[in-house]
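In what follows, a single structure is set out as structure tokens and then discussed.
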Amino acid sequence: MDRYLVFGHPVRHSKSPFIHSLFARQTQQELEYGLAEPAVDEFAQALRTFFDQGGKGCNVTVPFKEQAFTLVDRLSPRAKRAGAVNTIKLTDDGVLLGDNTDGAGLVADLKSHGVTLADSRILLLGAGGAARGALAPLLAELPNELVIANRTHAKAQQLAAEFCDLGHVTAQTYEQLAGPFDLVINSTSASLQGELPPLAPALIHTDIAIYDMMYGASDTAFISWAKQHGARQTMDGLGMLVEQAAEAFTVWRGIRPGTKQVLRELKRNLGVI
């Protein structure tokens, strides 16, 4: 039976085995999917061992995405642009192909919620790996402007310069930000600690769409804050998790699973519904 894994540290909380088992059942694919939590300095060896022992593909999560980028034989265009790999496939000719499905998952989830990206004004909070993976797919949707804000302004400037060939991308400090924005995406990990990015409440209005890449059984700190200041459409990253997994499954198996029922099952599993 074909074997797949998710590598991370920590990774025991991961919902990827649950998601991919549902995808496999839905598409009648025979595979097994497990967890691997090597020490941070043992990832390269663990990855090699997995594929040497017959593994067919894997997902890669924090903190190994940038390292995976350097370990594969070939990169997809979107992985090359993101500078990080979250999906690896062993091709029929024995090549390890690195891909990045995070941005595609984000865009698919936004569209499933009816968010219009074309001609919009988007604010992206954060300038780390999650933001980097999201930029090219977001810009491919042709927004009027995408503004990056980050606590370390130089990182936002560097990211904007790197992606400016794909569209109108600018970097601003939190103090410089001026609305209105149609969509705010929080790619920072602040919600994991129950913290907030230093965003002015005045930027929130009733017609804005708020997206937090983090998720949980209840609203994240950022979503709760946005609701308190009048945002009516708020979304967490659970749908992105399922959509990026569907994209990875398609890379591996050549068949695209449906995501709506899987997302409902995942919410039940988390106790969200």
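In what follows, every heavy atom counts, from backbone to side chain, and hydrogens, waters and symmetry copies are set aside.
- Between the His205 side chain and the Asp207 main chain, a donor and an acceptor come within less than 3.5 Å of each other.
- The environment of Asp92 atom CG is sparse: at most 12 non-hydrogen atoms of other residues, nucleotides or ligands sit within 6.0 angstrom.
- The distance from the CD atom of Glu37 to the CD atom of Glu42 is 11.5 Å, given to the nearest 0.5 Å.
- With Arg81 as the partner, the salt bridge (Lys or Arg N to Asp or Glu O under 4.0 Å) test is satisfied by one option alone out of Asp99, Asp165, Asp102: Asp165.
- Considering only heavy atoms from C-beta on, Pro257 comes within 4.5 Å of Thr250 through its side chain.
- Ring pair His20/Phe249 is parallel by interplanar angle, where below 30° counts as parallel and above 60° as perpendicular.
- The backbone N or O of Ala127 lies less than 3.5 Å from a partner atom in the side chain of Asn150, making a donor-acceptor pair.
- Looking at heavy atoms from C-beta onward, Asn100 lies out of side-chain contact with Val85 at the 4.5 angstrom threshold.
- When side chains are defined from C-beta on, Tyr215 does not count as touching Met240, because their heavy atoms never get closer than 4.5 Å.
- Just one residue in the list Gln176, Gln157, Glu145 forms a side chain to side chain donor-acceptor pair (under 3.5 Å) with Thr170, and that residue is Glu145.
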- request: I would like to know whether Ser120 and Leu183 meet side chain to side chain contact (heavy atoms under 4.5 Å, CB included); could you show each step before the answer?
  value: CA-CA 8 Å; Ser120 66; Leu183 169 66; 5.6 Å; no
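- Salt-bridge formation is detected for the pair Arg78/Glu247: a Lys NZ or Arg NE/NH1/NH2 atom is positioned less than 4.0 Å from an Asp or Glu carboxylate oxygen.
- Cluster membership for Leu238 and Leu22, using ILVMFWY side-chain heavy atoms within less than 4.5 angstrom, is shared.
- Thr27 and Gln29 get closest at one heavy-atom pair: OG1-CG, 3.1 Å.
- Of all heavy-atom pairs between Ala68 and Ile88, the closest is CB-CD1, 4.3 Å.
- Leu5 and Val11 end up in different hydrophobic clusters when Ile, Leu, Val, Met, Phe, Trp and Tyr side chains are linked at under 4.5 Å.
- In Gln193, the CD atom is crowded: over 12 heavy atoms of neighbouring residues, nucleotides or ligands sit closer than 6.0 Å.
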| query | Between Glu265 and Gln261, is a side chain to side chain donor-acceptor pair (under 3.5 Å) present by the stated rule, with each step listed? | reply | CA-CA 6 Å; Glu265 292 293 332; Gln261 182 59 35; 3.0 Å; yes
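- Between the NZ atom in Lys227 and the CG atom in Asp219 there is a gap of 3.5 Å [rounded to 0.5 Å].
- In this structure, the side chain of Gln53 does not engage the main chain of Phe50 through any donor-acceptor pair within 3.5 Å.
- Residue Phe51 is not grouped with residue Val6 when hydrophobic side chains (ILVMFWY) are merged at heavy-atom distances under 4.5 angstrom, including chains of intermediate members.
- Scanning for salt bridge (charged side-chain N to carboxylate O under 4.0 Å, His left out) contacts around Asp119 gives an empty result, with sequence neighbours left out.
- Here the shortest heavy-atom pairing between Ala131 and Gly126 reads CB-O, 3.4 Å.
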>> Determine whether Thr91 and Arg74 satisfy the following criterion, side chain to side chain contact (heavy atoms under 4.5 Å, CB included), listing intermediate values before the conclusion.
In response: CA-CA 10 Å; Thr91 66; Arg74 196 165 74 227; 4.3 Å; yes
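- Although no hydrogens or angles enter the test, the distance criterion places no donor-acceptor pair under 3.5 Å between the side chain of Asp2 and the main chain of Leu31.
- Within the 3.5 Å criterion, the main-chain N or O of Ala221 finds no donor-acceptor partner in the side chain of Ser224.
- For the pair Lys15 (side chain) and Leu266 (backbone), a donor-acceptor distance under 3.5 Å is absent.
- The CD1 atom of Ile185 sits 6.0 Å away from atom CE of Met213, with the distance rounded to the nearest 0.5 Å.
- Rounding to the nearest 0.5 Å gives a distance of 5.0 Å between CG of Leu47 and SG of Cys58.
- Transitive grouping of hydrophobic side chains (ILVMFWY, heavy atoms separated by less than 4.5 Å) brings Phe69 and Leu71 into a common cluster.
- Between atom CD of residue Gln45 and atom CG of residue Asp52 there is a gap of 8.0 Å, rounded to the nearest 0.5 Å.
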| task | Could you go through the side chain to side chain contact (heavy atoms under 4.5 Å, CB included) check for Phe23 and Val242 one step at a time? | result | CA-CA 10 Å; Phe23 285 161; Val242 174; 4.1 Å; yes
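- Atom CG of residue Asp73 and atom CG of residue Leu96 lie 5.0 Å apart, to the nearest 0.5 angstrom.
- Residue Gly133 comes nearest to Ala82 through the heavy atom pair CA-CB, 3.8 Å, listed as atom of the first residue, atom of the second, then distance.
- Considering only residues two or more places apart in sequence or on other chains, Phe43 meets the ring-ring contact (aromatic ring centres under 6.0 Å, His included) condition with Phe7, Phe64.
- For the pair Leu146/Phe163, no side-chain contact is recorded, criterion being any heavy-atom separation below 4.5 Å from C-beta on.
- Nearest heavy-atom pair across Ala161 and Cys164 is O-SG, 3.2 Å.
- The closest side-chain heavy-atom distance from Asn186 to Thr220 is not below 4.5 Å.
- Cluster partners of Ile210 are Leu123, Leu125, Val147, Tyr174, Leu177, Phe181, Val184, Leu196, Leu199, Leu203, Ile204, Ile208, Phe222, Trp225, counting Ile, Leu, Val, Met, Phe, Trp and Tyr whose side-chain heavy atoms approach within less than 4.5 Å, directly or via other members.
- Under the 3.5 Å distance criterion, the side-chain polar atoms of Asn86 are left unmatched by any main-chain donor or acceptor of Asn59.
- At distances below 3.5 Å, at least one donor-acceptor pair connects side-chain atoms of Arg121 with backbone N or O atoms of Pro180.
- Residues Glu66 and Ala84 come closest through the heavy atom pair OE2-CB, 4.2 Å.
- Without hydrogens or angle criteria, Gln233 side chain to Val115 main chain gives no donor-acceptor distance under 3.5 Å.
- The shortest distance between side-chain heavy atoms of Leu138 and Pro143 does not fall below 4.5 Å.
- Within the 3.5 Å criterion, the main-chain N or O of Gly258 finds a donor-acceptor partner in the side chain of Gln26.
- Under the 4.5 Å side-chain heavy-atom criterion for grouping Ile, Leu, Val, Met, Phe, Trp and Tyr, Trp252 is connected to Leu35 within one hydrophobic cluster.
- Put simply, the side chain of Val107 reaches to within 4.5 Å of the side chain of Lys111, judged on heavy atoms.
- Side-chain contact check for Arg132 versus Leu159: some heavy-atom pair is nearer than 4.5 Å.
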